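Read through the structure below, which is laid out as structure tokens, and then see the notes.
On a predicted model such as this, the values are computed, not experimentally measured, just so you know.
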Amino acid sequence: MTVLETMPTQLPVQQSSFLNTGTIIALAVFFTLLCACIIIGHLLEENRWANESITALFLGLCAGFVVLLVTKFHSSRILDFSEDLFFLYLLPPIIFNAGFQVKKKQFFKNFTIILLFGVLGTVISFCLISLGAFLLFRRIGISTLTVQDYLAVGSILSATDSVCTLQVLSQDETPFLYSVVFGEGVVNDATSIVLFNALQSLDFSNIDAIAALNLLGTFLYLFFTSTALGVAVGLMSAYIIKTLYFGRHSTDREVALMMLMAYLSYMLAELLSLSGILTIFFCGIVMSHYTWHNITESSRITTKHAFATISFVAETFIFLYVGMDALDIDTWKRSKASLGTSIALSSTLFALVLIGRAAFVFPLANISNCAKKRNSEKIEFRQQFIMWWAGLMRGAVTIALSYNQFAESKKTSTQDCALMITSTIIVVLFSTVVFGSITKPLIEAVMLRHAKPAVSDETDIPSLEDLRLLLMESGDPNEQGSSGTRPPVPRRSSLSLLINYPSTTVHYFWRKFDDKFMRPVFGGRGFAPFVPGSPSGAEADHHDT
């Protein structure tokens with residue numbers, strides 16, 4: 001599919017010899033809508049029930065309806081959803097900026113639960129949704145889907161909308177929920193796409209235990225190699241900028257190199273058939289920890305705002321695109337389904353999404369609680385409920401995978417394929433509008449009104465200083481006070497501390513390793529000159545691990 005196709009129009013526009021009039025009109029429409037979204041989003045900034053994604057969806061629906069009126073309800077190809085546009089141009093800057101801006105200490109502190117939800121949870125949801133689709137679709141009247149189609153439905157509907165999560169959760173007000181739900185969303189999207197791609201190449205005539213193990217091995221290979229590629233590209237950018245110090249001649253080169261290498265990591269991952277989402281996410285984390293501190297002060301301010309701006313525009317564009325695509329009249333005509341059948345299928349899909357997510361959020365959260373000793377670290381039921389609720393939104397990844405599976409399927413009837421696409425669009429619109437609008441007030445009602453006094457990460461028990469004392473030799477004179485009155489500290493083994501305080505211990509040893517080996521080579525905070533008290537210096541703590 002092409003990104004923008006010619007839109008039939010009766011407007012008397014002079015055709016340029018080298019520019020396509022339809023493309024110009026389409027771009028003008030989208031730029032106008034983007035400006036409108038920004039203005040309306042600003043006016044609704046204080047509204048608890050609305051956000052930019054919902055605003056963009058409604059504007060997209062309105063614009064799509066206007067386009068249909070202009071073309072007298074004939075097919076308008078400007079409404080086609082392009083997977084290339086989404087996966088190659090819109091998604092990368094959003095995921096990169098999320099990794100670049102994420103509070104890394106909070107993210108890695110919850111990395112275990114993020115992986116548990118993002119990988120094992122996605123697999124559980126995938127199995128339940130696929131099984132439910134297989135058992136229920138035939139009763140609705142969908143009879144031509146193959147086994148591969150049912151499994152594809154499971155992987156498609158297991159993909160949460162990490163883009164919408166960014167807008168409905170606050171990194172400052174609910175840091176734990178944000179890091180877990182968004183981190184799980186990124187890993188979840190990658191897992192869903194890996195599962196979807198693996199299903200495309202699976203031989204369904206010969207499925208056995210070996211095939212299942214191969215699928216597991218493929219996933220593990222893609223997960224670790226994608227992460228390693230993102231880290232490698234991020235470190236390479238840090239080393240190049242630290243060594244060559246572009247800023248002494250041109251800050252533009254620093255900014256351009258960071259942007260291009262970030263995008264290159266995504267392209268390399270796709271070229272090597274890896275997960276571009278994981279690659280560019282971890283590339284953003286590494287760049288914020290090392291590369292960002294190696295560039296000049298003006299470049300730091302520029303990159304921080306440039307990445308956020310590009311990400312914001314891409315997010316808004318996605319929801320506009322989805323809103324307009326929902327009125328693709330050709331797809332609705334091809335489905336030839338009655339209103340009752342369409343509602344029944346959409347309700348079934350949504351019910352499977354609800355059950356599939358609940359089936360892993362609550363059990364896995366309680367399993368995680370059993371492994372934690374302190375009550376303060378356990379996930380409360382209120383938090384579990386919000387994690388379940390906030391992950392119910394489905395977005396552009398779901399639509400893109402649905403088009404990929406059903407738009408050109410040769411084994412399934414055209415009517416059923418079109419019905420699957422339209423039902424997926426209904427699920428996406430309903431979940432985004434309903435859950436996206438209610439999530440903020442729900443968090444305020446459930447979480448913030450009953451919130452306990454916030455405890456900084458720096459007060460984590462044991463603190464890094466306590467951990468340092470526990471690791472020292474008992475009675476070391478160099479570590480006692482000048483009066484020698486400090487009582488001897490019993491030395492604790494690293495393994496004992498790792499078992500009792502895994503998160504803090506790993507962070508302690510990582511800080512030692514980072515300060516001694518990584519930062520002298522790749523730079524980072526403290527290795528690049530910056531003006532004390534400057535805006536970038538004040539924000540350095542935000543980017544520090």
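Between the Thr432 side chain and the Leu429 main chain, no donor and acceptor come within less than 3.5 Å of each other. Under a 3.5 Å cut-off, the side chain of Thr309 and the backbone N or O of His305 do form a donor-acceptor pair. Of the possible donor and acceptor atoms, one in the side chain of Gln384 sits under 3.5 Å from a partner among the backbone N and O of Ile379. Under a 3.5 Å cut-off, the side chain of Ser423 and the backbone N or O of Met420 do not form any donor-acceptor pair. Judged purely by atom type and a 3.5 angstrom limit, Arg300 uses its side chain to pair as donor or acceptor with the backbone of Ile295. Of the possible polar contacts, none joining the Ser402 side chain to the Thr424 backbone as a donor-acceptor pair under 3.5 Å is found. In this structure, Trp292 contributes its side chain and Val286 its backbone to no donor-acceptor pair below 3.5 Å. Checked by atom type and distance alone, the side chain of Arg394 pairs as donor or acceptor with a backbone atom of Gly391 at under 3.5 Å. Distance alone, capped at 3.5 Å, places no donor-acceptor pair between the Ser226 side chain and the Leu274 backbone. No side-chain donor-acceptor contact under 3.5 Å links Asn404 to the backbone of Glu83.
Rounding to the nearest 0.5 Å places CG of Leu278 at 12.5 Å from SG of Cys283. For the atom pair CG (Leu320) and OG1 (Thr32), the distance works out to 10.5 Å, reported to the nearest 0.5 Å.
With sequence neighbours excluded, the residues forming a side-chain contact (heavy atoms from CB on, under 4.5 Å) with Val181 are Thr165, Leu169, Met387, Ala390, listed by chain and number. Ser192 is linked by a side-chain contact (heavy atoms from CB on, under 4.5 Å) to Thr122, Ser158, Ala159, Asn188, counting only residues two or more places apart in sequence or in another chain. Scored by the salt bridge (charged side-chain N to carboxylate O under 4.0 Å, His left out) test, Glu184 finds Arg357 as partners (sequence neighbours excluded). In this structure Ser299 satisfies the side-chain hydrogen bond (donor to acceptor under 3.5 Å, both in side chains) test together with Glu254, Thr296, sequence neighbours excluded. Contacts of Phe307 classified as ring-ring contact (aromatic ring centres under 6.0 Å, His included), with partners at least two apart in sequence or in another chain: Phe96, Phe100.
For the residue pair Lys103 and Ser179, no side-chain donor N or O sits within less than 3.5 Å of a side-chain acceptor on the partner. Tyr403 and Asp325 share a side-chain donor-acceptor pair at under 3.5 Å.
Residue pairs meeting the side-chain hydrogen bond (donor to acceptor under 3.5 Å, both in side chains) criterion with at least one member in residues 264-280, sequence neighbours excluded, do not occur.
Ring geometry for Phe517 against Phe513 counts as tilted: the plane angle lies between 30° and 60°, on a 0 to 90° scale. Aromatic ring orientation, Phe107 versus Phe282: perpendicular (interplanar angle above 60°, classes split at 30° and 60°).
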Intermediate values then yes/no, side chain to side chain contact (heavy atoms under 4.5 Å, CB included), Ile38 and Thr316: CA-CA 9 Å; Ile38 293 173; Thr316 309; 5.8 Å; no
Worked verdict on Arg511 versus Lys516 for side chain to side chain contact (heavy atoms under 4.5 Å, CB included): CA-CA 8 Å; Arg511 286 290 297 269; Lys516 187 174 181 180; over 6 Å; no
Evaluation steps, side chain to side chain contact (heavy atoms under 4.5 Å, CB included), between Ile193 and Phe87: CA-CA 11 Å; Ile193 293 172; Phe87 281 112; 3.9 Å; yes
Side chain to side chain contact (heavy atoms under 4.5 Å, CB included) between Leu442 and Phe385, worked out: CA-CA 10 Å; Leu442 188 67; Phe385 178 79; 3.6 Å; yes
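Under the 4.5 Å side-chain criterion, counting only non-hydrogen atoms from C-beta, Thr398 is not in contact with Asp161. Contact check for Ile280 versus Val233: no side-chain heavy atoms found under the 4.5 Å cut-off. Between Thr303 and Met287, every side-chain heavy-atom pair lies at or beyond the 4.5 Å cut-off. Here the side chains of Leu120 and Phe360 are not in contact, with every heavy-atom distance at 4.5 Å or above. With contacts defined as side-chain heavy-atom distances shorter than 4.5 Å, the pair Thr160/Asp189 qualifies. Using a 4.5 Å heavy-atom threshold, the side chains of Met518 and Tyr290 count as touching. Counting heavy atoms from C-beta on, the side chains of Phe406 and Ile156 come closer than 4.5 Å. Considering only heavy atoms from C-beta on, Thr302 stays 4.5 Å or farther from Thr251 through its side chain.
The number of heavy-atom neighbours closer than 6.0 Å to CZ of Phe58, taken from other residues, nucleotides and ligands shown, is 12 or below. Atom OH of Tyr239 sits in a sparse spot, with 12 or fewer heavy atoms from other residues, nucleotides or ligands closer than 6.0 Å.
Just one residue in the list Leu59, Leu61, Leu33 forms a side chain to side chain contact (heavy atoms under 4.5 Å, CB included) with Met324, and that residue is Leu33. Residue Leu392 forms a side chain to side chain contact (heavy atoms under 4.5 Å, CB included) with just one option from Val434, Val427, Val353, and that option is Val353.
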